[in-house]
Trainee: 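This is the structure, below, for whatever I ask next.
Along the sequence shown, residues are numbered consecutively beginning with 1. Note: hydrogens, waters and symmetry copies are ignored here, and every other heavy atom, side chains too, is used.
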Amino acid sequence: MKEKIKVIIAEDFALLREDLVETISTQNDMAVMGAAGNGAEILKLADSVEHDIILMDVEMESVYAGIRAAEAIRDKNKEEKIIYLTAHETKEMILTAMGTGAVDYIVKGAPEEKIVSRIRDAYEGKTVLEGRVKELVLQEYKRLQESEKSLLFFVNNLSNLTKTERELIRLLLDNNKVKKIAEIRGVEMATIKSQINTLLKKLGASRTKEITKTIKNLNLTHLFE
C-alpha cells in the first residue's frame, strides 16, 4: 500500500482550518497529522509530528507569524516543504515569504482541488507557481542574477586598477571632494575629473558614491589603506 502524504496545517481562522483538515483528510493519498492556530503551535507540531508538507498561513497572531515560523522550522531542517496559503498578494509579502525557501504560494480562495493538487506536486518535488507569484519570483531571480554578475564584474576589476586609481578611491572613501583631491594630489581638477570618469567606466558605475558604497558593503576598505 502506497504511503500517504502527511500534512500539518497552520491556520488561525478555525472554520477555514477545519475545512482544510476535512478536505485533505478525505483524499485517499493524504493524512492530516495535526493542525495549529498560531506560529508557536506550528513550531511545536513540526518538532513533534512526522510530516511531509506544512500548509502555512502567513498572517496569524501577527502579520508575519507564518513567515517567522517557516524561518524557524527551516533553520532546523532545510528539507522542510512549506506551502503558504494566504490572502496576501502584495509583491513584498510574496517575495518575503518565498525567500524563506518555501516550495509554493497559494492565494486563499483557490479551489480545493487546486490546493490538494499542489500538495501532491510539492511532495513529488515539483514547483508549480502560478500567475502573479510566478512572475514576481522570476523577476526577482533575474534581478539577483544580474546583480551577482555586476558585483562579480566590480570585484574582478578592482584588481586591475592602477596605483593612481587606488589612491583616488582611498581619497574618495575619506569623503574628499574633487577640489580637495586635486589639492592633495597637486594636480588640476580637470585631471581628477578625467581620472574619475575612467574609474567609473572600469568599475561599471555611474557615480563615485556607488563605488565607495559597494567597497564599504563588501568590507574591502582595507585594500585602500
Trainee: Got more than 12 heavy atoms from elsewhere within 6.0 Å of CD, E22?
Mentor: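 It does not: E22 CD has 12 such atoms or fewer within range.
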Trainee: Under 6.0 Å from the CD atom of E112, do we count more than 12 heavy atoms belonging to anything else shown?
Mentor: no
Trainee: For S194, check side-chain contact (heavy atoms from CB on, under 4.5 Å) against everything at least two apart and list the hits.
Mentor: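 Partners of S194 by the side-chain contact (heavy atoms from CB on, under 4.5 Å) criterion come out as none, since no residue qualifies.
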Trainee: Salt bridge between K44 and E41, side-chain N to carboxylate O under 4.0 Å?
Mentor: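 No, this pair does not count.
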Trainee: Sequence neighbours excluded, which residues qualify as side-chain contact (heavy atoms from CB on, under 4.5 Å) partners of T191?
Mentor: V187, E188, Q195
Trainee: On a heavy-atom basis, which atom in A110 and which in K114 lie closest, and how many Å separate them?
Mentor: CB-CD, 3.9 Å
Trainee: Could you tell me the separation between the CG atom of N176 and the OG1 atom of T208, rounded to the nearest 0.5 Å?
Mentor: 11.0 Å
Trainee: State the CD-CZ distance between E79 and R74, to the nearest 0.5 angstrom.
Mentor: 8.0 Å
Trainee: To the nearest 0.5 Å, how far apart are CE in M33 and CD1 in I54?
Mentor: 13.0 Å
Trainee: K76: which residues meet the side-chain contact (heavy atoms from CB on, under 4.5 Å) condition with it, sequence neighbours left out?
Mentor: D47
Trainee: Does a salt bridge link K108 with E11, judged by any charged N lying under 4.0 Å from a carboxylate O?
Mentor: yes
Trainee: What is the distance from atom OG1 of T23 to atom CD of Q27, rounded to the nearest 0.5 Å?
Mentor: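 T23 OG1 to Q27 CD: 7.5 Å, rounded to 0.5 Å.
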Trainee: Is the shortest heavy-atom distance from the side chain of L85 to the side chain of L20 under 4.5 Å?
Mentor: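 Yes, their side chains come closer than 4.5 Å.
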Trainee: Give the minimum heavy-atom separation between G37 and R17, together with the two atoms involved.
Mentor: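 Nearest heavy atoms, G37 then R17: CA-NH1, 3.7 Å.
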Trainee: If we check side-chain contact (heavy atoms from CB on, under 4.5 Å) with I83, which of these qualifies: V7, D104, D121?
Mentor: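 Passing option: D104.
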Trainee: Please tell me if the side chains of L172 and I211 come closer than 4.5 Å, counting only heavy atoms from C-beta onward.
Mentor: no
Trainee: Give the minimum heavy-atom separation between D52 and K81, together with the two atoms involved.
Mentor: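 Here D52 and K81 meet closest at O-CB, 3.7 Å.
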Trainee: Counting only N and O atoms by type, is there a donor-acceptor contact under 3.5 Å from the side chain of E61 to the main-chain atoms of G39?
Mentor: yes
Trainee: Say you draw a straight line from CG of L171 to CD1 of I184; how long is it, rounded to the nearest 0.5 Å?
Mentor: 5.0 Å
Trainee: For side chain to side chain contact (heavy atoms under 4.5 Å, CB included), just list the numbers for V58 and I67, CA-CA rounded to whole Å, side-chain angles, deciding distance to a tenth of an Å, and then say yes or no.
Mentor: CA-CA 6 Å; V58 169; I67 291 175; 4.1 Å; yes
Trainee: If every non-hydrogen atom of I42 is compared with every non-hydrogen atom of I9, which pair is closest and at what distance?
Mentor: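 Closest heavy-atom pair between I42 and I9: CD1-O, 3.8 Å.
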Trainee: For R170, is there an ion pair with E167 - N to carboxylate O distance below 4.0 angstrom?
Mentor: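 Salt bridge present between E167 and R170.
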Trainee: Please give me the minimum heavy-atom distance between V32 and S25, naming the atom from each residue.
Mentor: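 Looking at all heavy atoms of both residues, the closest pair is CG2-OG, 3.4 Å.
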Trainee: Do H88 and Y105 have side chains that approach each other closer than 4.5 Å (heavy atoms only, starting at C-beta)?
Mentor: yes
Trainee: Can you name the side-chain hydrogen bond (donor to acceptor under 3.5 Å, both in side chains) partners of E18, sequence neighbours left out?
Mentor: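 side-chain hydrogen bond (donor to acceptor under 3.5 Å, both in side chains) check on E18 returns nothing, list empty.
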Trainee: In Å, rounded to the nearest 0.5 Å, how long is the span from NZ of K126 to CZ of R120?
Mentor: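 Answer for the NZ-CZ pair, K126 versus R120, is 11.0 Å.
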Trainee: Could you report the tightest heavy-atom contact between A69 and L43, atom names first, then the distance?
Mentor: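 Scanning both residues completely, I find the closest heavy atoms to be O-CD2, 3.7 Å.
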Trainee: Is the backbone of T221 close enough, under 3.5 Å, to the side chain of K216 for a donor and an acceptor to pair up by distance?
Mentor: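 No; judged by distance alone, with no hydrogens or angles, the pair does not exist.
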Trainee: Between I106, D29, I5, which is the residue that forms a side-chain contact (heavy atoms from CB on, under 4.5 Å) with I119?
Mentor: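 Only one option passes, and that is I5.
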Trainee: With side chain to side chain contact (heavy atoms under 4.5 Å, CB included) as the criterion, how do L55 and I24 come out once you've worked through the C-alpha distance, each side chain's angles and the decisive distance to 0.1 Å?
Mentor: CA-CA 11 Å; L55 193 59; I24 295 169; 4.0 Å; yes
Trainee: Okay, side chain of N38, backbone of A40: is any donor-acceptor separation there less than 3.5 Å?
Mentor: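 Yes; judged by distance alone, with no hydrogens or angles, the pair exists.
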Trainee: Just jot down the side-chain hydrogen bond (donor to acceptor under 3.5 Å, both in side chains) partners of T100, sequence neighbours excluded, or say none.
Mentor: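 T100: side-chain hydrogen bond (donor to acceptor under 3.5 Å, both in side chains) contacts with Y84.
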Trainee: Run the side-chain contact (heavy atoms from CB on, under 4.5 Å) test against T162 and tell me which residues pass, sequence neighbours left out.
Mentor: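 Counting only residues at least two positions away or on another chain, T162 forms a side-chain contact (heavy atoms from CB on, under 4.5 Å) with T164, E165, K202.
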Trainee: Is it the case that atom CD in E50 sees more than 12 heavy atoms from other parts of the structure closer than 6.0 Å?
Mentor: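 No, because the 6.0 Å sphere around CD of E50 holds 12 heavy atoms or fewer from other groups.
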